[in-house]
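Here is the naming used below: chain letters follow the sequence lines, and residue numbers restart at 1 for every chain.
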2 protein chains.
Amino acid sequence: MNLSATEEQLMNFIWEKGTAFMKDILETYPEPKPATTTIATLLKRLTDKGALGFKTYGNSREYFPLYSKSEYFSGKVNHLIKNFFNDSPSQFASFFTKETNLSKEQLESLKSIIEDQIKSKKL
Amino acid sequence: MNLSATEEQLMNFIWEKGTAFMKDILETYPEPKPATTTIATLLKRLTDKGALGFKTYGNSREYFPLYSKSEYFSGKVNHLIKNFFNDSPSQFASFFTKETNLSKEQLESLKSIIEDQIKSKKL
DNA sequence: TTATTTATTCTACATTTGTAGAACAAACTC
DNA sequence: GAGTTTGTTCTACAAATGTAGAATAAATAA
């Protein structure tokens, strides 16, 4: 469940797209594109560590995630809060809203998301 | 400005404490404690990469951070949002409030933090 | 059906990360 | 002042990471 920086980037593309072939992946990289074998290595490592599965079609494979982006980032954010924000989600939230320089509109929309969450807790 | 996992942990201690000597650092690690030289290596690497400074006292040094915890995590969170949450802080916030399982009280307190931020934007 | 393209595996190698021994010097203990 | 402790530098080494060549096999284009 732990990904390196380049693996994370590759996973993100597959998470967004749902499934992907080598071909699709290569397309997303800007020039100078990495060697095909570089991507192949990453895909193999991700498969070995249980992050990706695949379905074979002829000489190529359709890769798909074995866990979701939410599951992954949930772990990451929780780790962050636990280890660096005193195990306090509110402390983190407060830090976050200050540091990300949200516009008034974004803050308003965030406020209503939170109001919804509060409502759903009441049920 | 980029720290590895163990470096991050060490920095966090120094951020919390303000400044620290080797001695203080070693104390924080649970048994089995790492070798002194292990910590020394980390301190040297952090010094080399501009994360720590120090003041010499006899044979030892008082280390201090050259940038704050906020600065560091601000970078991290912004990177996270930019690369994995579609450059949308609200998207991230929404994800965050759902995934961290905040209590009603925490949500209420978060709401008031946001209301304060909204107010301060109005000025 | 032969040449070309595409995807995969295997091997390789430099860099970064995690961990620590050897050697040494300053400081503290008797 | 000799022995022990503490902190540093230098060296080392395994594992993880980023990157890719060589070889090969399947698919495709001419």
Side-chain angles (χ1 to χ4, degrees), chain A residues 1-14 17 19-66 72 75-76 79-80 83-84, chain B residues 1-14 17 19-66 72 75-76 79-80 83-84:
Chain A
M1 196 78 167
N2 214 31
L3 306 175
S4 78
T6 40
E7 287 170 348
E8 218 173 53
Q9 193 192 349
L10 178 43
M11 282 302 285
N12 195 45
F13 171 67
I14 304 180
K17 190 153 179 320
T19 69
F21 290 90
M22 168 60 82
K23 174 178 128 48
D24 307 314
I25 296 168
L26 269 174
E27 272 170 18
T28 64
Y29 287 85
E31 297 297 347
K33 289 185 190 301
T36 310
T37 51
T38 299
I39 305 301
T41 301
L42 292 175
L43 289 170
K44 181 149 204 347
R45 287 178 186 165
L46 286 166
T47 304
D48 288 347
K49 61 164 79 169
L52 290 178
F54 58 82
K55 206 181 147 190
T56 304
Y57 289 94
N59 75 330
S60 66
R61 300 166 173 181
E62 183 174 38
Y63 293 91
F64 53 85
L66 292 182
Y72 176 69
K76 271 196 89 92
H79 174 270
L80 189 69
N83 292 287
F84 301 103
Chain B
M1 196 77 169
N2 214 30
L3 306 175
S4 78
T6 41
E7 288 171 348
E8 218 173 53
Q9 194 191 347
L10 178 43
M11 283 301 286
N12 194 45
F13 171 67
I14 303 179
K17 190 153 179 318
T19 69
F21 289 90
M22 168 62 81
K23 171 180 130 48
D24 308 314
I25 296 168
L26 269 174
E27 272 170 16
T28 63
Y29 287 85
E31 298 297 344
K33 289 186 189 302
T36 310
T37 50
T38 299
I39 305 301
T41 300
L42 292 175
L43 289 170
K44 182 150 203 346
R45 288 179 185 164
L46 286 167
T47 304
D48 288 347
K49 60 165 80 167
L52 290 178
F54 59 82
K55 207 181 147 190
T56 304
Y57 288 94
N59 75 328
S60 66
R61 301 167 173 180
E62 183 175 38
Y63 293 91
F64 53 85
L66 293 181
Y72 176 69
K76 272 196 90 95
H79 174 269
L80 189 69
N83 293 287
F84 302 103

Strand-adjacent residues in residues 26-49 of chain A, judged by heavy atoms under 4.0 Å from DNA chain C
A:Thr36, A:Thr37, A:Ala40
Could you grab the distance from atom CG of A:Asn2 to atom OH of A:Tyr72, nearest 0.5 Å is fine?
6.0 Å
For D:dT8, does OP1 or OP2 lie under 4.0 Å from any side-chain N or O of B:Tyr63?
yes
Can you tell me how far CG of A:Leu10 sits from CG of A:Leu3, rounded to the nearest 0.5 angstrom?
9.5 Å
Whole-Å distance between D:dA27 C1' and A:Phe21 CZ?
13 Å
Heavy atoms from other residues, nucleotides or ligands near NZ of B:Lys23 exceed 12 (cutoff 6.0 Å):
no
Rounded interatomic separation in angstrom, taking CD1 from B:Ile25 and C1' from D:dT8:
13 Å
Heavy-atom pair of closest approach, residues B:Phe54 and B:Thr56:
CE1-OG1, 3.7 Å
For A:Glu62 and A:Phe64, which heavy atoms make the closest approach, and how far apart are they?
O-CD2, 3.7 Å
Spacing of A:Glu7 atom CD relative to D:dT19 atom P, expressed in whole Å
12 Å
Write down the distance between CZ (A:Phe54) and P (C:dT8), rounded to a whole number of angstrom.
8 Å
For the side chain of A:Ser4, counting heavy atoms from C-beta on, which of D:dT8, D:dT17, C:dT19 is nearest?
D:dT17
Does A:Glu27 offer a backbone N or O that forms a donor-acceptor pair with the side chain of A:Lys33 under 3.5 Å?
yes
Which whole-number value in Å describes the distance from A:Leu10 CG to D:dT19 P?
12 Å
Sequence-aligned protein contact record of nucleotides 24-30 of chain C, with B where the base is within under 4.0 Å of a protein heavy atom and S where only the sugar-phosphate is:
--BS---
Please give, in whole Å, the distance from D:dA16 P to A:Asn2 CG?
11 Å
Let me know the distance between CG of A:Leu3 and C1' of D:dA16, rounded to the nearest Å.
13 Å
Give the rounded distance in Å between these two atoms: CD of A:Glu62 and P of C:dT6.
19 Å
Taking atom CZ of B:Phe13 and atom OH of B:Tyr29, what is their separation to the nearest 0.5 Å?
9.0 Å
OP1 or OP2 of C:dG18 less than 4.0 angstrom from a side-chain nitrogen or oxygen of B:Thr6, does that happen here?
yes
Residue B:Lys44 excluded, over 12 heavy atoms near NZ under 6.0 Å
no
Nearest-0.5 Å distance that lies between atom CD1 in A:Ile14 and atom CG in A:Leu46
7.0 Å
